[in-house]
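For reference, the structure discussed in these notes is given below.
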Protein chains: 2
Amino acid sequence: MSNGKRQAMSAANWIRAGYDAFHDGGVDAIAVERVAKRLSATKGSFYWHFKDRESLVRAVLELWRAETEEIIDQLAAITEPRERLLRLFELVTSQIPTDRSEIDLLARGDQPAVAAVLEDVSRRRITFMSAAFREAGLRPVDADDAAVQAYALWIGLLQLQVNLPGTVPAGKDRDRFLRSTRELLGQLIPAP
Amino acid sequence: MSNGKRQAMSAANWIRAGYDAFHDGGVDAIAVERVAKRLSATKGSFYWHFKDRESLVRAVLELWRAETEEIIDQLAAITEPRERLLRLFELVTSQIPTDRSEIDLLARGDQPAVAAVLEDVSRRRITFMSAAFREAGLRPVDADDAAVQAYALWIGLLQLQVNLPGTVPAGKDRDRFLRSTRELLGQLIPAP
DNA sequence: ACCTGAACACCGTTCAAGT
DNA sequence: ACCTGAACACCGTTCAAGT
């Protein structure tokens, strides 16, 4: 358990530098040569600590996963399922005007390292919503459907936000749009 | 207007080969070196006909744009706006289980050549829907919102379909899911 | 007018050779 | 144990030189 200081340090250094690169330039920026330059190290050094680029991407995205887990933990504390869903919809719709990293990950979903963590996180979110819909009174299959539809609308809006700026209203129209979107999502929740 | 046969032929050859590559392997497959190999030509030859890779991508995606235009033309023939929207929802939801190229384009939206055509096509679709919602009785701002929400749900589902196979129900659950999705979209249409 | 071939700057990956 | 440096196979782009 105790450690010779250099060795463990170094792998963590590469991951930290990769995480910074990810936030600056997305998944593509987690590039061996560029990260090596950032650290004033050589590519050869990298391949001592990691099998390949994919391992580094995987390690960096593990950090991202941990961040998203916290949000679910907070929501889980709300016991009333309708309230929990409405709070969730409020949370994610208000994030829509800002979040970019999420879409970058969706766009790189063809890379296995990205696909792995993306699948995990998405299924986690969908399962979480489905459970709430069930608690709120939907039959299991309908709860699953509703969760998938809500999630699709969510990431679809993120996608439009990033890819087609101007389609998702900003400024003074923003509030009206987000309210109306929450209403649409609210249609998925059965009446008490 | 009339032509020396080699010259015009050659540029068109590159575009056709690029279009094939696009269908086989997505936007990334429109790569100068690989397409050159396909044609048994050199990269140098390519740069005689095109300024850069981006010009080729642009030319290839023009073909894709033309294909999507046809669908809108068909729907425009339906005069009753509610019927037109329902038919559209039916059309796009039934495509969800198969379409991949659309998502590949969304994923490469960071490339200017892709962004350009993607924006055009998307705005065209959203405008088309918004007009129908307005004809069906919504106020202009609400019609715009509804169109954006419908489109977001659509591409969100495409995204899940491709990135997270298994979340969008297939097989015997497929029909129930698509029906319920059409119902949710139908909520956006005002009562007659 | 059209094309070849080599060069250059980027990637990822490997590996002998050094410390 | 850890790293360097050079090599290789891919990219895109440029350009002198050929026909």
Side-chain angles (χ1 to χ4, degrees), chain A residues 1-22 24-61 104 107-108 110-116, chain B residues 1-22 24-61 104 107-108 110-116:
Chain A
M1 292 295 124
S2 102
N3 55 341
K5 54 215 143 351
R6 289 293 309 293
Q7 180 174 351
M9 263 295 282
S10 255
N13 276 346
W14 282 101
I15 296 172
R16 237 176 280 128
Y19 189 74
D20 292 346
F22 170 57
D24 291 356
V27 175
D28 287 351
I30 313 178
V32 180
E33 191 157 299
R34 261 178 281 172
V35 177
K37 189 167 283 174
R38 222 178 244 261
L39 290 172
S40 307
T42 61
K43 296 193 274 180
S45 162
F46 172 81
Y47 282 93
W48 172 259
H49 295 286
F50 296 86
K51 188 182 161 291
D52 50 20
R53 173 182 181 266
E54 194 177 317
S55 320
L56 177 61
V57 174
R58 240 173 246 277
V60 168
L61 295 188
D104 188 68
R108 311 302 155 186
D110 47 350
Q111 298 175 35
V114 177
Chain B
M1 296 294 126
S2 102
N3 54 341
K5 56 216 139 354
R6 290 294 309 291
Q7 181 173 350
M9 264 295 283
S10 253
N13 276 346
W14 282 100
I15 295 172
R16 238 177 278 128
Y19 188 73
D20 292 346
F22 169 57
D24 290 356
V27 175
D28 288 350
I30 312 176
V32 180
E33 191 158 296
R34 262 178 282 173
V35 177
K37 189 166 285 174
R38 222 179 244 260
L39 290 172
S40 309
T42 61
K43 296 193 275 182
S45 163
F46 172 81
Y47 283 94
W48 172 259
H49 296 285
F50 297 87
K51 189 181 158 289
D52 49 20
R53 174 183 179 265
E54 191 176 321
S55 321
L56 178 60
V57 174
R58 239 173 247 277
V60 168
L61 295 187
D104 189 69
R108 310 302 154 186
D110 47 349
Q111 296 174 38
V114 177

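Sequence lines set the chain letters: A, B, ... in the order given, protein chains first and strands last, and positions in each chain run from 1. Here the structure is a predicted model, which means the values were calculated and not measured.
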Legend entry - Distance, P atom - from D:dA1 to C:dT13, rounded to whole angstrom: 23 Å
Taking atom P in both D:dG12 and C:dC2, what distance in whole Å separates the two? 23 Å
Note: A:Trp14 and A:Ser45 closest approach over all heavy atoms is CZ2-OG, 3.8 Å
*If we only count heavy atoms from C-beta on, is the B:Leu56 to B:Arg53 side-chain gap below 4.5 Å?*
no
Side-chain N or O of A:His49 closer than 4.0 Å to phosphate OP1/OP2 of D:dA1: no
Note: contacts of residues 24-33 of chain A with DNA chain D (heavy atom, under 4.0 Å) are none
Those residues at least two apart in sequence (or on a different chain) that pass salt bridge (Lys or Arg N to Asp or Glu O under 4.0 Å) with B:Arg58 are B:Glu54
In terms of heavy-atom contacts, A:Ile15 and A:Val60 come closest through O-CG2, 3.8 Å
Shortest non-hydrogen pair, A:His49 vs A:Ala11, comes out as ND1-N, 4.0 Å
To the nearest angstrom, the CG-P distance between A:Leu39 and D:dT4 comes to 11 Å
Taken to the nearest 0.5 Å, the spacing of A:Leu61 CG from A:Gln111 CD works out to 9.0 Å
When B:Phe46 and A:Phe46 are each assigned the nearest nucleotide of DNA chain C, the 5'-most assignment goes to B:Phe46
Which pairs would a plain distance check flag for residues 25-41 of chain B, meaning a side-chain donor or acceptor within less than 3.5 Å of a matching protein atom at least two apart in sequence or in another chain?
| residue | atom | partner | partner atom | Å |
| --- | --- | --- | --- | --- |
| B:Glu33 | OE1 | B:Lys43 | NZ | 2.7 |
| B:Arg38 | NH2 | B:Asp24 | OD2 | 3.2 |

Of the listed D:dC3, C:dC3, D:dG12, the closest approach to the B:Trp48 side chain comes from C:dC3
Under 4.0 Å: is that the gap between some side-chain N or O of A:Arg34 and OP1 or OP2 of C:dC11?
-> yes
So, OP1 or OP2 of D:dC3: does either fall under 4.0 Å of a side-chain N or O from A:Ser10?
yes
Separation of D:dG12 atom C1' from B:Gln111 atom CD, nearest Å, is 12 Å
Counting only Watson-Crick and G-U wobble pairs with both atom distances below 3.5 Å, the stems of 3 or more consecutive pairs that include DNA chain D are C:4-8 with D:12-16, C:12-16 with D:4-8
The residue, A:Asp52 or A:Lys37, whose nearest nucleotide of DNA chain C is more 5′ is A:Lys37
Distance col, row A:Tyr47:OH vs A:Ser55:OG, nearest 0.5 angstrom, shows 9.0 Å
Rounded to whole Å, CZ of A:Phe50 lies from C1' of D:dC3 at a distance of 15 Å
By salt bridge (Lys or Arg N to Asp or Glu O under 4.0 Å), B:Asp52 pairs with (sequence neighbours left out) none
A:Lys51 NZ to C:dT13 P, in whole Å, measures 8 Å
Please list, for nucleotides 15-19 of chain C, all pairs of protein and nucleotide N/O atoms separated by less than 3.5 Å.
none

side-chain hydrogen bond (donor to acceptor under 3.5 Å, both in side chains) filter on B:Asp20, not counting sequence neighbours, yields none
Taken in chain and number order and not counting sequence neighbours, the residues that satisfy ring pair (Phe, Tyr, Trp, His ring centres under 6.0 Å) with A:Tyr19 are A:His23
